[in-house]
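The block underneath contains the structure these notes are about, expressed in structure tokens.
Because the structure is predicted, anything quoted here is derived from the model rather than measured.
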Protein chains: 4
Amino acid sequence: MADTSRRRRANGEASRAKILDAATEIASERGYEGTSINLVSKRCGLPASSIYWHFADKDDLIAAVIERSFGRWLSAWSVPDDGTPRDRVAEMTMQVAKALLESPDFLRLGLMLALERRPVEPRAREMYLQVRAQAQIQLREAAMDMSPDLDAAALDQLATYAMAGADGLFIAKEIGGDSVDLPALFDLHGRMVIDAALRLAESTRDEDS
Amino acid sequence: MADTSRRRRANGEASRAKILDAATEIASERGYEGTSINLVSKRCGLPASSIYWHFADKDDLIAAVIERSFGRWLSAWSVPDDGTPRDRVAEMTMQVAKALLESPDFLRLGLMLALERRPVEPRAREMYLQVRAQAQIQLREAAMDMSPDLDAAALDQLATYAMAGADGLFIAKEIGGDSVDLPALFDLHGRMVIDAALRLAESTRDEDS
Amino acid sequence: MADTSRRRRANGEASRAKILDAATEIASERGYEGTSINLVSKRCGLPASSIYWHFADKDDLIAAVIERSFGRWLSAWSVPDDGTPRDRVAEMTMQVAKALLESPDFLRLGLMLALERRPVEPRAREMYLQVRAQAQIQLREAAMDMSPDLDAAALDQLATYAMAGADGLFIAKEIGGDSVDLPALFDLHGRMVIDAALRLAESTRDEDS
Amino acid sequence: MADTSRRRRANGEASRAKILDAATEIASERGYEGTSINLVSKRCGLPASSIYWHFADKDDLIAAVIERSFGRWLSAWSVPDDGTPRDRVAEMTMQVAKALLESPDFLRLGLMLALERRPVEPRAREMYLQVRAQAQIQLREAAMDMSPDLDAAALDQLATYAMAGADGLFIAKEIGGDSVDLPALFDLHGRMVIDAALRLAESTRDEDS
DNA sequence: TATGAATGAGACTTCATTCAT
DNA sequence: AATGAATGAAGTCTCATTCAT
């Protein structure tokens, strides 16, 4: 009972976290519309009105979900800075594969948000797209590292292709389940991207000469 | 009287079509949960109760949307049966790129359905996954055509990789808009897949010897 | 029981009227904000969602209340067209007094709406102000009838003063209850307005000479 | 330490004032129901719970608004005690006109409260009605001053009529805005009331003889 | 073949208020 | 003297669906 009264005591951070945990779970299963405040309230144990103490509205809540989840995800990243470019790409590829396997839930949410087109854009979608854009920039830099001769368009193409492969393989895993060997496919994808880089570099050189 | 009943039946078809048109638009913008019967009713001009005359429930309506859309999409397909395997793959790749560009709406819907995980799976999702599985089979056959030596696992991997690329590039186009040159990326992807086929064939042969 | 099923039958006009009746009662007691859809629902026996079949939203409902009530009120009016101007004014004055006594409820609502100033103006307020403006025009015409020499400004002043008296006496009756003899006060007011007309006519003539 | 407690008490007063300022603004715009504690909290910058430290509940807050506002309003009043009765009435009339122009906000609130009829009467309404009753008594005394022969009923009528005119003209100004020349109308009203006094005195004398 | 009307459940959100600190 | 956090009730409105005609 003393416990109860203590739990009832103001502990904002903990409550906020509980709400975010519940919302993350639900949103990554059912998407934006499927995430009802009532459901979140039931899952986290706090009344619906308490959710509105911590978040302005549903949109704000789901944006916070994206923000926190990607923050954590990105902080678990380590950019390799030694070895041949080939090795470094291989290392990054493996990291991505591992990350996709480990936390698929909010990635699913991100993709769902990205695919939706509604009259009033949710802030959450904007937030996801920003994180994505940052990742794209890093990919581009890695590509430039590997093939310094490439022009801007080719670098963009390469980065886009690399990310598209990651997205597509993630979806394949989501749909195919255990029948999909994600590490093997990512290994393949990594090598493909390196080949593409070389191929694009060649054609660039040809055009120049 | 026969005339009347025929006109009525004709109107019935027309109404059904109007409803499906509206539902397709909305569902491909907002996904399953975001598609409300009221919204469809407003968009197509018919009262909500009329929608229930044509469709058993919301799930049935969206399944019908998927069904009709994929029917149309697949009928626009022509499988090339002459030329070198390389040419045939190139031809198919271009067809896919064109198809993605021309009817992105229900593909978006399909992906959204595929990504969701809800307690009661909608029939619409099942329907999309079936069509997708068929496409996968065709891809596998094309791969076998091109590299007859490949074993089952390699063929699956190849087909999965090919489709993943298509999904990923579609998403890239959806997000990136005009800044994404889809045909060029699909051209790159086609060549990558052929390379992958060769590479996998080699490693298969190596393992055998 | 047959009765119940028959009552459940579609009868839109009757339901609409029941809703409006309930809303009129409540709104004229408690004003715009005090009129909750739930309360209206309970008072009229229909579920809240049925109210939204007949009216777009709360604003629309209360605007309809004003519209219907003032429509009825104005249609009960008869403009006298014989006798001396003095007699005609006296007749009109008595009519107004009677009308205020008989249907004070929605007049109270109108005044409450008129006094409010909120960021987003309710349509209901606009509607009330329009009816009021029409009444003001009629008063002005009556004044012109009685004192044709008066200039525009004087006519406006007279009409405004006449209406202000009516408003003020209505409020006095609302607050004072039985201790306020409304007919006597309106009789006084009518004579005052006629005096004012003469007085203004005089001063107009003085200025001219 | 004494310093601290004194500063705290001073801050207490300041906070109370800030809350009252915000509440006055909002309540005079939106009435009793439209004034939410949350809104007041946002407008004054203090948390909602602080409002409950200074005021028992919402009713208490709005009653305090009325109390403070009327206190200020009345203290700006000076009762003229020289000149002819006619001059004194003219002077008072002008004072009222000026007061209505200068602080319309809480008068609007008062009228809104006076017009509402709710199951549980707010204290705020009672408070407004009391102040109003006092004003009515003063008006009656002024009338008696001017026409000492009048009987009780006539005096009441006169005071009621005078106040009704003020209320009505205030409303006219609120609705009509700049197109309403309040001082001119009050001047007219003042003269009308004097005439009424004389007229009533005459008829009283007639009845007596 | 179609539809006007109804309906209970549940959506998001705000309300006035309380309480421990 | 003040406040961060919580809370149940109630607010407006939309949902999918049904039913009599």
Side-chain angles (χ1 to χ4, degrees), chain A residues 5-16 33 35-41 46-59 61, chain B residues 4-5 7-16 33 35-41 46-59 61, chain C residues 5-16 33 35-41 46-59 61, chain D residues 4-5 7-16 33 35-41 46-59 61:
Chain A
S5 86
R6 199 167 287 164
R7 192 170 299 151
R8 209 196 163 269
R9 192 193 65 145
N11 188 350
E13 278 310 309
S15 293
R16 207 188 122 98
E33 298 257 11
T35 304
S36 87
I37 298 289
N38 262 7
L39 209 51
V40 175
S41 152
L46 294 166
S49 50
S50 290
I51 296 176
Y52 284 88
W53 169 259
H54 293 276
F55 303 94
D57 51 23
K58 179 176 161 173
D59 200 22
L61 169 59
Chain B
T4 301
S5 86
R7 190 173 303 149
R8 277 206 180 150
R9 201 173 297 157
N11 281 346
E13 279 307 309
S15 293
R16 209 187 121 96
E33 297 257 14
T35 302
S36 85
I37 298 288
N38 254 15
L39 208 53
V40 174
S41 152
L46 296 167
S49 48
S50 293
I51 296 177
Y52 281 87
W53 195 89
H54 290 279
F55 303 94
D57 54 20
K58 180 177 158 174
D59 199 18
L61 170 61
Chain C
S5 85
R6 200 167 285 164
R7 193 171 296 152
R8 209 194 163 269
R9 193 193 64 145
N11 188 351
E13 277 310 309
S15 293
R16 207 187 123 97
E33 299 258 9
T35 303
S36 88
I37 298 288
N38 263 5
L39 209 51
V40 175
S41 154
L46 293 166
S49 50
S50 290
I51 296 176
Y52 283 89
W53 169 259
H54 293 277
F55 303 94
D57 52 22
K58 180 176 159 172
D59 200 23
L61 170 60
Chain D
T4 301
S5 85
R7 190 174 303 150
R8 277 206 182 150
R9 200 174 299 158
N11 281 345
E13 279 307 310
S15 294
R16 208 187 121 98
E33 298 257 12
T35 302
S36 84
I37 298 289
N38 254 15
L39 207 53
V40 174
S41 152
L46 296 167
S49 48
S50 292
I51 296 175
Y52 281 86
W53 195 90
H54 290 279
F55 303 94
D57 54 20
K58 180 176 157 174
D59 199 19
L61 169 61

- Message: Measuring only between side-chain heavy atoms, which start at C-beta, is C:L46 closer than 4.5 Å to C:S41?
- Response: no
- Give the rounded distance in Å between these two atoms: CD of B:E13 and C1' of E:dT1. 12 Å
- Item | Base-paired stems in DNA chain E, each at least three Watson-Crick or G-U pairs under 3.5 Å | E:2-21 with F:2-21
Distance-only donor-acceptor hits, side chain of residues 47-57 of chain C, under 3.5 Å, sequence neighbours excluded:
{"residue": "C:D57", "atom": "OD1", "partner": "C:D59", "partner atom": "N", "Å": "3.3"}
{"residue": "C:D57", "atom": "OD1", "partner": "C:D60", "partner atom": "N", "Å": "2.9"}

- Phosphate-side-chain proximity, D:W53 and F:dA1, N/O vs OP1/OP2 below 4.0 Å: no
- Query: Over how many whole Å does the gap from A:I51 atom CD1 to F:dA5 atom P extend?
  - Reply: 15 Å
- Item | Any side-chain heavy-atom pair of D:L61 and D:T35 under 4.5 Å | no
- What residues, two or more places apart in sequence or in another chain, satisfy side-chain hydrogen bond (donor to acceptor under 3.5 Å, both in side chains) together with C:N38? none
- How close or far is atom P of F:dA20 from atom CG of C:N11, stated in whole angstroms? 16 Å
- Query: Would you say C:H54 reaches E:dA6's phosphate, i.e. side-chain N/O to OP1/OP2 under 4.0 Å?
  - Reply: yes
- Between protein and nucleotides 8-14 of chain F, map the contacts as a letter string: B base, S sugar-phosphate only, - none, heavy atoms under 4.0 Å, written 5' to 3'. B--SSBB
- Query: Start at the 5' end of DNA chain E and walk down; is the nucleotide closest to B:L46 or to C:R16 reached first?
  - Reply: B:L46
